[in-house]
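Notes follow once the structure below has been shown.
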Amino acid sequence: MSQSVEVLIVGAGPTGLALACDLARRRVAFKIIDLAPAYFIGSKGKGLQPRSLEVLDDFGIIDEILRLGKFHIPFRGYDGSKVLGERDIHEGRNPTPSTPYASPLIIRQWRVEERLRALLEKQGGKVELSTELVGLEQDESGVAAKVRREGGEETIHCQYLVAADGGRSFVRKLLEVPFEGETWTDERMYVGDVRLRGLDREAWHSWPNHPDGLLALCPLPSTDMFQFQAQIPKGEEHEPSLELFQRIVNERAGGMDIELIDAPWLSLYRANVRMAARFRIGRVFLAGDAAHVHSPAGGQGMNTGIQDAYNLGWKLESVLRGAPDALLDTYEEERLPVAASVLGLSTKLHRQITGNGEEKLRRDAVTLQLGITYKEMSLSKRSGDVNLKIAAGDRAPDAPGLDLEGKPIRLFDVFRGPQFTLMRLFPGKSARAIEGELVDVKRVDVLASPSIKDAASASKIFVDAFGHVAESYGGGPGDCLLVRSDGYVGWIGPEIDFADLQDYLGQVSAK
């Protein structure tokens, strides 16, 4: 028995689900499979960075995500039962017009997956559980993936296969892609989800200075549980259990009278920092933990995987519809350096948190992943003279404004969806019409005032009534930006001649 789809996604964690949701809205025929017989409900990850929140905003599920999480949970440090102090490590990071999400949201990973699955089902898709990839062959025409289910084996034929099957990726190993890095055998932690009595849920409780190592108990929003984290002393290692966790709490938080009631999920974690040497192998792509595994410090792993998917989805659609195959090479070009940079960041943060340095609780703005840029890469183009504050390859900032009826609107509302957006800044009364010149590109004119609406020639009007576009983007009359569907600026140039823009679109689309 065999089936055919355009894309096969192997692995239904946050990376695979984000890609599936993106492909579904693009009407790409795909399947998403997972070896597991049931959905995982442990808190492997518990934080969404601001850039990932922008992705989920684009998907239209941000309100649900925010309802299930919490910003600004302060760290409260203890020495035994003595409170040493309390600190919000993201204090002062508040939303701005250009950045609606300014700090990480604490939320269990499985809650994120749950919301992505609900979106996927709303779009008509579904994860196929208990389905194991056992082999694959590829040639110039496609990939033949052999899968095993309860009823036997079958072959799924696809144009492209995306491996989002985790740090122990079967696909990566089968294709013999080097997974370079190291495992820190002496740096291990017990991790689990526990219910307890004796602590409030208003802080992330931490005992950082015990001789045996750190203990931390973080309340998990939208649940009645805490995440348990405890360093394991060198030379010691036991199977995790509720009794063991209780003993650690008694020893490191002496006098606090904290009682662990139960532990639905228990695990032993070994610090592992590795990255695949390649992210594209013919018609196969590695994404998320299959391509890079991180220290848990700084909440980088799940977020980097979601953004891998966000980068890859539009490129797969474009090539499947006729864009040059070379476009898919830019997935590795853009995402591999990001993964390498984030790996270095998460390693640094891990050393700070598990060490005794003064900066152990500090988070640099780079951890928020808002500063990721693709400048100087092949899909970032500039033509002519423009007066912009941002460059091709940068994230396109948000801005509040008004539509022509005076109703509130955000640039993110304009960008939302699977299409590219051409944004023309402050055209004058003599602005030339651009309607119909660009196919499958949303057009928006940003006006300084609705009084010059007769100059507008776009399909959508955004009135920069509060000056936030001018503040974030700069720009002179008629300066243009092409915003990719993943929220990065692809091309910038003047409106005088769109020939360079047409050439750019020839590289990234079927038109």
Item to check | Gap between atom CZ of R395 and atom OG1 of T99 - 0.5 Å precision | outcome: 4.5 Å

Checklist entry - By salt bridge (charged side-chain N to carboxylate O under 4.0 Å, His left out), which residues pair with D325, not counting sequence neighbours? => result R280

Item to check | Listed partners of R27 passing salt bridge (charged side-chain N to carboxylate O under 4.0 Å, His left out), at least two apart | outcome: none

Item to check | Selection residues 411-422 - residue pairs positive for side-chain hydrogen bond (donor to acceptor under 3.5 Å, both in side chains), sequence neighbours left out | outcome: D57-R416, D413-R416

Checklist entry - Do the non-hydrogen side-chain atoms of L316 and V28 ever get within less than 4.5 Å of each other? => result no

Checklist entry - Quick one: are I9 and T15 in side-chain contact, heavy atoms under 4.5 Å? => result no

Checklist entry - So, does R274 use its side chain to make a donor-acceptor pair with the main chain of V293 at under 3.5 Å? => result no

Item to check | Nearest-0.5 Å distance, OG1 of residue T330 to CG of residue L312 | outcome: 9.0 Å

Next on the checklist: Test of understanding: with salt bridge (charged side-chain N to carboxylate O under 4.0 Å, His left out), list the residues that count as partners of D34, not counting sequence neighbours.
Outcome noted: none

Checklist entry - Do any pairs count as a ring pair (Phe, Tyr, Trp, His ring centres under 6.0 Å) and have a residue in residues 35-57, sequence neighbours left out, and if so which ones? => result F40-W265

Item to check | Mutual orientation of the aromatic rings belonging to Y160 and F285 [parallel < 30°, tilted 30-60°, perpendicular > 60°] | outcome: tilted

Item to check | Sequence neighbours excluded, every pair satisfying side-chain hydrogen bond (donor to acceptor under 3.5 Å, both in side chains) that has a member inside residues 465-480 | outcome: none

Next on the checklist: Tell me whether D500 contacts the main-chain N or O of S383 through its side chain, where contact means a donor paired with an acceptor under 3.5 Å.
Outcome noted: no

Checklist entry - So, do R335 and Q307 sit near enough that their side-chain heavy atoms are less than 4.5 Å apart? => result yes

Next on the checklist: R115: which residues meet the salt bridge (charged side-chain N to carboxylate O under 4.0 Å, His left out) condition with it, sequence neighbours left out?
Outcome noted: E64

Checklist entry - Can you list every salt bridge (Lys or Arg N to Asp or Glu O under 4.0 Å) pair that touches residues 99-112, not counting sequence neighbours? => result R108-D193, R111-E114

Checklist entry - Should L56 and L116 be marked as a side chain to side chain contact (heavy atoms under 4.5 Å, CB included) after you check the CA-CA gap, both sets of side-chain angles, and the distance that decides it? => result CA-CA 9 Å; L56 300 175; L116 287 170; 3.9 Å; yes

Next on the checklist: Working note: S378 + Q507, criterion side chain to side chain contact (heavy atoms under 4.5 Å, CB included); need CA distance, chi angles, decisive distance, verdict.
Outcome noted: CA-CA 10 Å; S378 61; Q507 297 176 45; 5.9 Å; no

Checklist outcome for this item: F462 meets the ring pair (Phe, Tyr, Trp, His ring centres under 6.0 Å) criterion, sequence neighbours left out, with none

Item to check | Separation of I73 CD1 from C218 SG (nearest 0.5 Å) | outcome: 5.0 Å

Item to check | Qualifying side-chain hydrogen bond (donor to acceptor under 3.5 Å, both in side chains) pairs with a residue from residues 116-128, counting only residues at least two apart or across chains | outcome: K31-E128, E128-R149

Checklist entry - Would you say the side chains of T304 and Q369 form a donor-acceptor pair under 3.5 Å? => result yes

Checklist entry - salt bridge (Lys or Arg N to Asp or Glu O under 4.0 Å): which pairs involve residues 155-181, sequence neighbours left out? => result none

Checklist outcome for this item: One should read off an interatomic distance between N311 CG and S485 OG, to the nearest 0.5 angstrom, of 9.5 Å

Checklist outcome for this item: Separation between CG (L481) and CG (D394), nearest 0.5 Å, reads 10.0 Å

Next on the checklist: Show every ring pair (Phe, Tyr, Trp, His ring centres under 6.0 Å) that has at least one partner inside residues 371-398, sequence neighbours left out.
Outcome noted: Y374-Y488

Item to check | Min side-chain heavy-atom separation V127-L17 under 4.5 Å | outcome: yes

Checklist entry - For the side chain of Y101 and the backbone of S52, is there at least one donor-acceptor N/O pair under 3.5 Å apart? => result no

Next on the checklist: For W314 and F420, take the angle between the two ring planes, folded into 0 to 90°, and tell me which bin it lands in: parallel under 30, tilted 30 to 60, perpendicular over 60.
Outcome noted: perpendicular

Item to check | Residue pair P104 / L368, side-chain heavy-atom distance below 4.5 Å | outcome: yes

Checklist entry - Using 4.0 Å as the upper bound for N to carboxylate O, is an ion pair formed by R321 and E6? => result yes

Item to check | Under 3.5 Å: donor-acceptor pair, side chain of D58, backbone of G417 | outcome: yes

Checklist entry - Got a sec: does the NZ of K375 have more than 12 other heavy atoms crowding it under 6.0 Å? => result no

Checklist entry - Is the CD1 atom of I61 crowded by more than 12 outside heavy atoms at less than 6.0 Å? => result yes

Next on the checklist: Counting only heavy atoms from other residues, nucleotides and ligands, does the tally under 6.0 Å from NZ of K70 exceed 12?
Outcome noted: yes

Checklist entry - Just how far is it from atom CD1 of I107 to atom CZ of F71, taken to the nearest 0.5 Å? => result 9.5 Å

Checklist entry - So Y310 and F59, would you call those rings parallel, tilted or perpendicular, with 30° and 60° as cut-offs? => result perpendicular

